[in-house]
Amino acid sequence: MTLLKIALIASALGLAAPEAQAAGTYKAPQVPASVQQHGSQWITTADGCSYSRAQAPGYPVQWVLILNPHHIGKPNAHAKCPPMLGG
């Protein structure tokens, strides 16, 4: 058996490394520990990026960047703010 065939079989049987993630699986975003909460809908990270809570039916919560968070009294998003909080 070739090495490629062995790798494919191991992957199919779930014998690959535990940190490997199959295509199409979802990993819930990780919220940084040092965030400022604004109710249950909005958070602001230590670097000044504000996010809004979003959740589609049947999916876990996601935190999406707010470009102009004036409604929570925070400044506009800057270039280094990731579009979503992820793990």
Side-chain angles (χ1 to χ4, degrees):
M1 239 193 250
T2 67
L3 188 57
L4 178 59
K5 284 182 184 178
I6 294 171
L8 288 173
I9 292 170
S11 176
L13 294 175
L15 301 175
E19 66 275 356
Q21 191 174 13
T25 59
Y26 178 81
K27 184 176 179 186
Q30 300 297 313
V31 177
S34 59
V35 296
Q36 181 181 10
Q37 288 282 150
H38 308 281
S40 62
Q41 182 63 44
W42 304 289
I43 59 172
T44 302
T45 59
D47 61 351
C49 302
S50 295
Y51 295 86
S52 180
R53 183 180 187 272
Q55 185 173 18
Y59 290 89
V61 171
Q62 295 184 358
W63 294 96
V64 182
L65 180 66
I66 306 170
L67 296 177
N68 181 6
H70 68 280
H71 55 287
I72 57 173
K74 296 296 177 182
N76 290 347
H78 52 80
K80 294 185 180 180
C81 291
M84 295 181 78
L85 291 182

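Considering only heavy atoms from C-beta on, Trp63 comes within 4.5 Å of Arg53 through its side chain.
By the rule that hydrophobic residues join a cluster once side-chain heavy atoms approach within less than 4.5 Å of another member, Trp42 and Leu67 end up as members of separate clusters. Linking Ile, Leu, Val, Met, Phe, Trp and Tyr whenever their side-chain heavy atoms come within less than 4.5 Å leaves Ile72 and Val64 in two separate clusters. Cluster membership for Leu65 and Ile43, using ILVMFWY side-chain heavy atoms within less than 4.5 angstrom, is shared.
Between Ala77 and Pro69, the shortest heavy-atom distance links the atoms N-CD, 4.4 Å. The heavy-atom pair separating His78 from Asp47 by the smallest distance is NE2-O, 3.0 Å. For Pro82 against Tyr51, the heavy-atom pair with the smallest separation is O-OH, 2.9 Å.
Note that the NE2 atom of His71 and the CD1 atom of Ile66 stand 4.5 Å from one another [nearest 0.5 Å]. Rounded to the nearest 0.5 angstrom, Gln62 CD and Ser52 OG are separated by 11.5 Å.
Sequence neighbours left out, the pairs with a member in residues 38-85 that pass disulfide (SG to SG under 2.5 Å) are Cys49-Cys81.
A search for side chain to side chain donor-acceptor pair (under 3.5 Å) contacts involving Asn76 returns nothing, not counting sequence neighbours.
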